[in-house]
Structure formats: C-alpha cells, structure tokens
There are 2 protein chains.
Amino acid sequence: MAGRQARKNIPQRASGPALWASVGARVRDRERKRDAVIMTAARAFRERGYHNTSLDDIASELNVTKPTVYHYVENKEQLLFECFRAGLKLIMDGIEEQRESTTTGRERLAAVISRYAEAITSDFGWCMVQAENQDLSPAMSRKVKALKSEIDQGLRSLIRAGVDDGSIRPCDEKMTAFALAGALNWIAHWYRSDDQLAAAEIAHRFIELFEQGLQPR
Amino acid sequence: MAGRQARKNIPQRASGPALWASVGARVRDRERKRDAVIMTAARAFRERGYHNTSLDDIASELNVTKPTVYHYVENKEQLLFECFRAGLKLIMDGIEEQRESTTTGRERLAAVISRYAEAITSDFGWCMVQAENQDLSPAMSRKVKALKSEIDQGLRSLIRAGVDDGSIRPCDEKMTAFALAGALNWIAHWYRSDDQLAAAEIAHRFIELFEQGLQPR
DNA sequence: GGCTAAATATACTCGCGGGTAAATTAGAGC
DNA sequence: GCTCTAATTTACCCGCGAGTATATTTAGCC
C-alpha cells in the first residue's frame with residue numbers, strides 16, 4: 001500500500017515516531033508509547049500552539065491514527081496536562097534537590113534557577129508556560145493552579161531562607177518570586193532549540209543580573 | 001420584542017456597551033464604535049483567551065450581532081492585532097517619552113519600566129503578551145514581530161546608554177532586556193484588575209529588585 | 001493453529017464558530 | 001415624505017476538529 005510505503009520514509013526522530021516506524025520494531029511497552037505520545041504532543045504544541053494542533057496532527061506525526069492516540073490518553077486536555085506536568089516535574093525536582101543542601105539561600109536559589117531554565121528550554125517548556133486556566137476544565141484548572149503554586153512557594157521559601165541567613169537583601173518575596181518566574185517562563189517565548197545559547201548560559205546571565213543588579217557596586 | 005427589552009437591562013460598563021445600550025443614545029462616530037469593539041474584544045480575550053472567545057461572544061457583549069462586528073473589523077485575527085497594537089502603543093509612548101530626557105540611562109530605564117507595567121496591567125496587556133505568531137497569518141506575524149522588536153531595541157538601547165554613562169553595570173544587554181521584558185510581560189499572567197496591588201506599586205518593587213539585586217550591598 | 005485481549009485502523013457523528021449573502025432599518029439631506 | 005447610504009440584522013454555509021462505534025489486525029498463550 002502507498003500508506004505503508006510512505007510511513008517508512010518518515011524521518012525518525014529520537015525516542016518519538018521511531019517507535020512505530022516499522023511494524024516489526026514495535027515495542028509493546030505501553031508506558032514508553034504513552035510517553036512518546038506526550039513528547040510528540042509537547043513538541044507540536046510548542047511549534048504550532050495548542051489550539052492550532054489537532055489530534056490528527058499528533059497522530060500522523062507518530063505514524064498512527066487518532067484513535068490510537070486516544071488509546072493512550074483520555075482527551076486533548078489531558079494531553080496538555082501531561083505535558084505540563086512533565087515539564088513542571090523537572091522544576092520541582094530542582095527545588096527538591098536543594099532542600100537538603102546546606103549552602104546559603106542565595107546559592108540554592110541560583111541552583112534552582114539553573115534547573116528552571118533547563119526545564120523551560122526543554123520540549124515541555126512551552127506547555128508549562130502556556131497551560132492557562134482558560135483552556136482547561138475547572139477541575140484541571142485547579143490541579144494546574146495547585147502545582148504552579150507549589151513552584152511559587154518553593155521559590156519564595158528559598159528567598160526567605162536567603163534573607164534569613166543574610167545572603168539575600170531583605171525584599172518583598174512575593175514580587176521577587178514573580179519577577180524571577182516571569183523572566184524564566186518568558187524564555188519559552190523566545191528560545192529556539194537551534195539557538196546557540198544553551199540553557200546553562202542563559203541561567204548564568206540571569207543569575208548574575210538578579211544577584212548583582214543593574215546598579216554598579 | 002423580548003430581545004429589545006433584554007438589551008435595556010444589560011449593565012453598562014464605561015465606554016463599552018453603553019454606546020449601543022439604547023437606540024436613542026447611539027453615537028454615529030465610527031471611530032468610537034470601532035474602539036469599543038476592540039476594547040471589548042481585549043477584555044474578552046483576557047478573560048477567556050483568544051480561542052475560547054467567539055465573535056458571537058464579543059458581539060453579544062456589545063449588544064450587537066456578529067456581522068456588525070465585521071462591519072468594524074475585517075476578521076478575528078485583525079481584531080487580535082488591533083488589541084495588540086493598542087497595548088504596544090502604550091509602551092512605545094513610554095519609551096519615546098524618555099528619548100528627550102537628560103537623566104541617566106538607569107533612571108530612564110526605570111521610567112520605562114513603570115509605563116510598561118502600566119500597559120501590561122491594562123485591558124490590552126494580555127493581548128500584547130499572547131499575540132503569538134502561532135495564531136497569526138504569516139503577514140500579521142511579521143508585523144507583530146517587527147513591533148515587538150522595536151520594544152526590545154528600545155530597552156537595549158536604554159541599557160546601553162546606562163552602561164555608557166556609568167549608571168548601569170556593564171552587562172549582556174540582550175539577556176538583560178529579555179529578563180526585564182519577561183518579568184514585565186509575565187505580570188499579565190497573574191495580575192487581576194481587582195488586585196490591591198497597583199501597577200505603580202509593582203513597577204516600584206521590580207525596579208528596586210533589578211537595580212539593587214538580591215545580594216546585599 | 002485456534003483463542004483471547006490489546007493495539008490499531010476505518011469510517012463515521014456532530015457541534016461550534018468563522019465568515020457571508022441578502023434583507024431590513026435608521027438617518028442625513030433635500 | 002422621498003431617496004440614498006451606512007448601519008445592523010436575519011439566516012445561512014461550511015470546514016475543521018474533537019470524539020466515538022465498530023471492525024480489524026497483532027501477538028501472546030495454550
């Protein structure tokens with residue numbers, strides 16, 4: 001069939017469509033396939049936006065048809081949520097990681113910023129940032145809000161810790177956390193993966209700016 | 001008719017639906033009406049998002065039918081663009097305003113930040129931030145990109161000026177501008193107009209943070 | 001090699017919403 | 001009061017895309 005033939009010619013990106021590329025190579029690991037669906041969706045959402053990406057699009061990028069996608073995920077909203085959660089987890093891990101650290105609050109905050117930048121520049125970055133309440137059902141919206149709030153609280157408590165240990169100048173922790181999160185989240189809007197600038201480099205410059213400030217010392 | 005009666009009961013918000021509220025009060029000024037359409041769209045987009053707002057929604061908020069909206073605006077995309085432009089103009093004005101100022105670069109930058117925050121918290125703020133290329137035709141996308149770039153260049157040149165006159169510590173102006181714009185744009189994501197926090201207050205805290213930095217001096 | 005369950009595909013439904021053609025109403029000028 | 005234009009409405013079209021009912025294939029298992 002023409003269909004079959006066409007499928008073989010699809011370029012095989014890492015960990016994505018390759019899973020389904022040839023019938024013989026199909027792996028039966030359900031988890032893996034589900035992850036591939038989510039990953040592909042994340043990339044598609046990032047490139048074309050949530051509303052401009054149909055499930056048919058995602059399916060065809062996976063060399064599969066729409067009902068197959070529905071076999072791994074309840075609906076489109078859930079798909080967005082999974083992308084969101086995957087990205088958010090990267091950040092949460094970064095924050096968690098610093099819990100047992102014994103360095104100053106400022107240093108721990110800097111470490112979290114680095115991980116945050118890493119997460120935002122990942123395939124899931126865009127979804128994390130764009131998963132607005134507007135596109136979600138009330139129930140989902142609540143979940144997303146709660147998760148986002150965890151990140152916010154994590155940042156604030158690091159700032160507070162820094163103020164307490166003297167490594168951070170006393171400041172409005174809420175506004176500071178918002179400014180930080182804003183600058184970081186915004187990366188998703190301008191970052192292109194083919195950019196020369198690596199996440200680590202961006203994080204480094206941001207840390208310097210936020211720590212030192214614009215005014216000469 | 002029941003339709004007419006219902007219209008009279010619509011609450012009349014400032015400068016919006018009131019224009020059409022009663023037949024007798026209809027103003028013939030085309031400009032004014034067009035502006036009302038744009039304003040109403042901006043509010044709706046902010047509340048429910050671009051894709052979740054239909055032109056029927058906007059029309060009905062104006063106590064009018066969809067074709068009337070089309071009488072003032074070519075299509076939905078154009079409508080988003082107009083909202084975007086209206087918001088952007090506020091910022092451009094702020095930058096322009098500082099061109100003839102003779103103060104230091106850092107002070108001028110602070111002034112622009114204030115105006116920026118003001119613009120972002122306005123009804124048009126959300127549209128400005130959300131008018132992503134993804135939802136726009138290639139032609140529109142180019143226009144939006146060009147306008148956004150103007151803002152970016154404005155910020156960078158202020159930073160450069162500050163570095164030159166010694167009021168700003170030498171830094172990567174591109175990353176600094178991105179961080180600033182990010183923090184400011186992000187306001188649109190969390191700001192609610194009924195918030196106690198006024199734009200001026202937010203701007204003030206942001207300026208302090210960006211100027212002084214987190215590290216104690 | 002036949003049985004069963006999971007995986008995938010075919011072939012639909014259906015509503016929403018952008019956009020429009022054609023009629024109707026309002027109003028300015030005479 | 002008539003006419004002509006601008007403003008507005010009624011009543012549509014139509015495509016896209018989310019979601020699904022049903023058939024078919026695949027693969028593990030005895």
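Naming: A, B, ... by sequence-line order, numbering from 1 per chain. All of these numbers come straight from a predicted model, not from anything done at the bench.
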Exercise for the section: Quick one: pull up CG in D123(A) and CZ in F45(A) and give me the separation to the nearest 0.5 Å. Expected result: 12.5 Å
Handout entry: Nearest-angstrom distance from the residue atom CG of L62(B) to C1' of dA7(D)
Key = 14 Å
Exercise for the section: Return the nearest nucleotide to the side chain of T65(B); candidates are dG18(C), dT10(D), dA9(C). Expected result: dT10(D)
Exercise for the section: To the nearest Å, give me how far apart CD1 (I58(A)) and P (dC16(D)) are. Expected result: 18 Å
Fill in the blank from the handout: From the candidates dT8(D), dG18(C), dA9(C), the one with an atom nearest any side-chain atom of T68(A) is dA9(C)
Practice task
List the atom of I207(B), the atom of S114(B), and the distance in Å for their closest heavy-atom pair.
Solution key: CD1-OG, 3.8 Å
Practice task
Tell me whether the OP1 or OP2 atom of dT8(C) has a side-chain N or O from Y70(A) closer than 4.0 Å.
Solution key: no
Exercise for the section: Check whether the side chain of K66(A) and the base of dA9(C) form a donor-acceptor pair under 3.5 Å. Expected result: no
Practice task
Round to a whole Å and report the spacing from CG of D57(A) to P of dG19(D).
Solution key: 14 Å
Practice task
Consider the side chain of R30(A), meaning its heavy atoms from C-beta on, and name the nucleotide among dA7(C), dT20(D), dT10(D) that approaches it most closely.
Solution key: dA7(C)
Problem - Side-chain donor-acceptor pair present, S54(A), D57(A), cut-off under 3.5 Å - result: yes
Completion exercise
note: N63(A), atom CG; dT8(C), atom C1'; distance rounded to Å ~ 13 Å
Handout entry: Point-to-point distance, once rounded to the nearest 0.5 Å, from CD1 of I91(A) to CD1 of I151(A)
Key = 5.0 Å
Practice task
Kindly point out which of dA11(C), dA7(C), dG19(D) is positioned nearest to the side chain of L55(A)?
Solution key: dG19(D)
Exercise for the section: Give a yes or no answer on whether the side chain of E82(B) reaches the backbone of M39(B) with a donor-acceptor pair at less than 3.5 Å. Expected result: no
Exercise for the section: Write down the distance between OH (Y72(B)) and P (dG19(C)), rounded to a whole number of angstrom. Expected result: 19 Å
Exercise for the section: Return the value, rounded to whole Å, for the distance between atom CG of D56(B) and atom C1' of dG15(C). Expected result: 13 Å
Handout entry: d(OH, Y50(A); P, dG17(D)) in whole Å
Key = 13 Å
List the atom pairs, donor and acceptor, that lie under 3.5 Å between side-chain atoms in residues 185-193 of chain B and the rest of the protein, sequence neighbours left out.
from: N185(B); atom 1: OD1; to: Y116(B); atom 2: OH; distance (Å): 2.9
from: N185(B); atom 1: ND2; to: A181(B); atom 2: O; distance (Å): 3.1
from: H189(B); atom 1: NE2; to: Q130(B); atom 2: NE2; distance (Å): 3.3

Practice task
State whether the number of non-hydrogen atoms from other residues, nucleotides or ligands found under 6.0 Å of H51(B) atom NE2 is greater than 12.
Solution key: yes
Handout entry: Contacting residues from residues 74-84 of chain A, given that a heavy atom lies under 4.0 angstrom of DNA chain D
Key = N75(A), K76(A)
Problem - Euclidean distance, atom NE2 of residue H71(B) to atom C1' of dT5(D) [Å, nearest integer] - result: 10 Å
Fill in the blank from the handout: From the candidates dA7(D), dA9(C), dA18(D), the one with an atom nearest any side-chain atom of S54(A) is dA18(D)
Problem - Pairwise 5' ranking along DNA chain D for P67(A) and N52(A), keeping only the more 5' one - result: N52(A)
